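Please read these numbers as outputs of a predicted model, since none were measured by experiment.
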2 protein chains.
Amino acid sequence: MKDIARDLGVSLMTVSKALRNHSDISEQTRKRVLKHARQLGYQPNWIARSLATRRTYVVGLVIPDLMHSFFAEVAKGVARKFEPLGYQIVISNSEEKAEVEERQIELLLARSVDGLIVASAQANGRSGLFQTLRARKVPFVLIDRLPAGLGAHYVGVNDEEIGVLATEHLIEQGCRRIAHIRGPAISTGIGRLRGYRRAQAKHGLKAPPEYVVSGRHDDPSGYEAMRDLLRLNPRPDGVFCYNDPVAAGAIKAVLEAGLNVPHDLAIIGAGNVHYSDLLRVPLSTVDQSSSLIGETAADLLAQCMEAKTQPTPKRIWIPPRLVVRESSRRI
Amino acid sequence: MKDIARDLGVSLMTVSKALRNHSDISEQTRKRVLKHARQLGYQPNWIARSLATRRTYVVGLVIPDLMHSFFAEVAKGVARKFEPLGYQIVISNSEEKAEVEERQIELLLARSVDGLIVASAQANGRSGLFQTLRARKVPFVLIDRLPAGLGAHYVGVNDEEIGVLATEHLIEQGCRRIAHIRGPAISTGIGRLRGYRRAQAKHGLKAPPEYVVSGRHDDPSGYEAMRDLLRLNPRPDGVFCYNDPVAAGAIKAVLEAGLNVPHDLAIIGAGNVHYSDLLRVPLSTVDQSSSLIGETAADLLAQCMEAKTQPTPKRIWIPPRLVVRESSRRI
DNA sequence: GTCTATACAGTTATCGCTAAAGAAAGGCCG
DNA sequence: CGGCCTTTCTTTAGCGATAACTGTATAGAC
C-alpha cells in the first residue's frame with residue numbers, strides 16, 4: 001500500500017479507502033489505485049486488517065467427530081454459506097469430550113473468531129463454557145445437540161420426532177417387541193429415547209426395561225449392544241438404533257447370529273449417513289438433512305454477527321424424514 | 001499487557017518478555033508478571049503477535065473431499081501432531097477440482113498460513129500453483145497424490161505397489177480374468193493401474209483392454225463401471241477397484257445382478273475406509289495408514305517450517321498393507 | 001581505580017492497516 | 001461577498017504485540 005501511495009503521489013489513506021471502495025474516493029482515483037495495485041500484485045494483509053478492525057472473518061465450527069459423515073456434511077453446508085461471504089472456517093474436533101471441547105473453544109476464542117457453530121458435547125447448559133461465551137459476547141449457534149437448560153440459538157431436528165417416526169415405522173411393519181439401542185445422555189440420545197417411548201405408548205405397546213440398552217455413537221458399541229439384546233427372551237423383533245453407525249454395528253451382530261434382517265429382526269437407524277445404502281443390509285433411517293442444518297446455522301450465525309445487539313435466542317427445527325430401505329421392510 | 005505493566009510498575013516490554021519466558025527477565029519479576037497476568041485473566045492477542053512476528057501458527061490442509069473418510073483420517077493425524085505445537089489447522093475442500101484448489105490455496109496464502117499440506121487435485125506439477133508456492137517461499141508438503149514432474153516434499157503410499165498387492169492377491173485366490181475399475185488420471189489412479197498391469201504380466205496373465213474401465217472416486221461411479229463390466233463376455237472373475245467407495249458401489253452392482261461375491265466375482269478396493277467392514281460383503285482392501293500419512297506429513301512440514309533454508313525435497317513412502325476380508329476370500 | 005562482562009530492564013520504531021477528525025477546493029445561497 | 005455545505009483527500013493516532021537497541025547496576029579482573 002505504501003508503494004502504491006508513493007507511486008501515485010497520494011496518501012496512504014487514499015489507497016486504503018480506494019481498495020475498500022470507500023465512498024470518500026473519486027471514481028477516477030479509485031480506478032488508478034486499483035489498477036496500480038493489480039500491477040504491483042498487491043495482496044491485502046488480513047492480519048493487519050484484523051488488528052485494526054477487530055474482525056477476523058473467521059468462524060469456528062466445533063464438532064465431536066469429523067469421521068462421522070453427518071458432521072462432515074454439516075461442515076460442507078457451513079462452508080457453502082460462509083465462503084462466499086469471505087469467511088474462513090476453522091473446524092475443531094472435540095472427540096465427544098466436554099473438556100476437549102472447552103479447550104478447543106478457548107483456543108478459537110484466543111484466536112478471536114468472529115463467531116462459532118457448535119455441536120456441543122456438554123450435557124449441561126449451565127457449563128462454564130457457555131457463560132464464557134456470553135461474557136465475551138461472541139455470537140454462537142448450537143447445532144444438533146441442545147445442552148439442557150440453555151437459552152441459545154439452535155438449529156437441529158426434533159429428536160423426539162425422530163424417535164417417534166422410526167418407532168412408528170417399525171410398528172407399521174408389524175414389529176411388536178421393539179427394542180432401542182440408546183445413545184449418550186445428551187439431548188439427541190434423550191430425545192430419541194423419549195420418542196421411542198411415546199410412539200409405543202401411543203400404540204398400546206410396552207417394552208420391558210431390558211429392551212433399552214446403552215450404546216455410544218460408533219458401530220462397535222452398536223455391535224456389543226445388539227449382542228446383549230439377542231440374548232434376551234423373548235427376542236425383540238425390531239430395533240431402533242440411536243444412529244446409523246450404531247445400526248450398522250447392530251446389523252453385523254444380527255447377521256453373525258445367523259438371523260435375517262429384516263425378517264427376524266427389523267432395524268432402523270438415524271442420520272442417513274452417506275454409505276447407508278451400501279451396508280450389509282441397506283439401512284432404513286431417519287434423515288436429518290445434515291447439510292441443510294449446516295447452511296441454516298451459517299445463515300443464523302451470519303445474522304447474529306451483523307446485528308449489533310444479540311437477538312433473542314432463536315430455535316430452528318428442521319423436519320426429519322423417514323427413509324425406508326431394506327433393513328426394516330417387512331411388508 | 002499495558003495494565004499489567006502499570007500495576008506492577010514495570011515497562012510494557014518487561015511484561016512482554018516475561019510472558020514469553022525471555023531470558024532477559026529475572027525469575028522474580030517473571031513470576032510477579034505471570035501471577036498478575038493470571039489474576040487479570042490476560043489472553044495474548046494472536047493477531048497482534050502475528051503481525052509483529054510474521055508467523056501465524058496456522059497451517060492449511062487442502063484435501064479433495066472431507067466426506068471421504070480417508071481424508072478425514074488424514075486430517076486427524078495432522079491435527080494430532082500440530083495441535084500440541086500450538087498450531088491451528090484450517091481445512092480446505094477442493095472438491096477434486098484443480099481450480100477450486102488453486103483458489104482455496106490463494107485464500108490460505110492471503111491469510112498467511114505458515115505452511116501447507118496438500119492432497120492436490122492438480123494432475124500436473126508444472127501448474128502455476130506450485131510456482132506461486134515456491135515464489136512465496138511457503139513450506140508445503142504434498143500427500144497422497146504426486147502431480148507429475150514436481151520436485152516437492154511428499155508423503156504417501158507407492159500406488160503401483162498397492163496395485164500389485166491387490167492384483168496378486170486376486171491371482172492367489174484363483175482369479176484369472178481380472179478387471180480394473182481405474183481412478184482418475186492423477187498419480188494414484190495411474191500408479192494403481194500400472195501395478196495392476198505389472199502384477200498380471202508377472203504372472204503371465206493378460207486382460208483384454210475392455211477389462212479396464214474408468215471410474216471416479218465415489219461409489220456411484222463404481223456401480224456404473226461394474227455394470228459395464230458385467231456385460232462383458234467372458235465376465236471377469238475378479239476386480240481390483242481404485243478405492244473402497246468405488247468397490248462398495250461395485251459390490252452393489254454385482255449383488256443386484258444376482259451374483260455372489262466373492263465366488264462369482266472377487267472384489268478388492270484400496271484405502272481401508274472405516275466402514276469397509278460393515279459393507280454388504282466385508283471389503284478386502286489395501287490399507288494406506290491414513291492417519292500415519294497425516295502424522296508423517298505434519299512432522300515433515302514442521303521440520304520445513306523451522307529450517308531457515310528449504311531442505312531438498314524428501315519423499316516418504318509408507319508401505320501398504322493387504323487387508324483380506326470376505327469380498328475376495330475364495331480359498 | 002579503571003575496565004569489561006553479565007544480568008536485567010527500558011526506549012524506540014515498526015508490523016500493515018483503519019477510524020476519526022481535519023483540511024483544501026469548489027459550488028451554492030442569500 | 002461571506003458563510004455553509006460537499007466532495008475528496010490528508011493527518012493523526014492507534015490496534016496489541018515484538019525486534020533490536022540502548023541504558024544501568026553489580027561483580028569480578030587486572
Once you round it to whole Å, what is the distance between C1' of D:dT18 and CD1 of A:Ile47? 14 Å
May I ask you to check if A:Arg55 and A:Tyr57 form a cation-pi contact, with NZ or CZ under 6.0 angstrom from the six-membered ring centre and within 45° of the axis? yes
Donor + acceptor pair across side chains of B:Ser26, B:Arg30 (<3.5 Å): no
Could one point to a donor on the side chain of A:Asp24 or the base of D:dC9 with an acceptor on the other under 3.5 Å away? yes
So, does B:Arg20 get its side chain near the phosphate of D:dA19, meaning an N or O under 4.0 Å from OP1 or OP2? yes
Any side-chain N or O of A:Arg49 less than 4.0 Å from the OP1 or OP2 oxygen of C:dT18? yes
Side-chain-base donor-acceptor pair under 3.5 Å for A:Lys17 and D:dT8: no
With a 4.0 Å cutoff (strictly under), does any side-chain N or O of A:Thr29 reach OP1 or OP2 of D:dC9? yes
Just checking B:Ile25: base, sugar-phosphate only, or nothing, at a heavy-atom cut-off of under 4.0 Å? sugar-phosphate
Could you check which of C:dC17, C:dC8, D:dC9 has an atom nearest any side-chain atom of B:Ser26? C:dC8
Tell me if the CD atom of A:Gln28 is crowded by more than 12 foreign heavy atoms within 6.0 Å. no
So, does B:Arg54 get its side chain near the phosphate of C:dG16, meaning an N or O under 4.0 Å from OP1 or OP2? yes
A:Ser16 side-chain N/O to C:dT18 phosphate OP1/OP2 under 4.0 Å: yes
Looking at D:dC9, I'd like to know if its phosphate oxygens (OP1 or OP2) sit under 4.0 Å from a side-chain N or O belonging to A:Ser11. no
Go through the side-chain N and O atoms of B:Thr56 and B:Asp114 and say whether any donor and acceptor fall under 3.5 Å apart. yes
Side-chain contact check for B:Ala48: nearest option of C:dA19, C:dG16, D:dA17 is D:dA17
Examine D:dT10: is either OP1 or OP2 under 4.0 Å from a nitrogen or oxygen in the side chain of A:Thr14? Give yes or no. yes
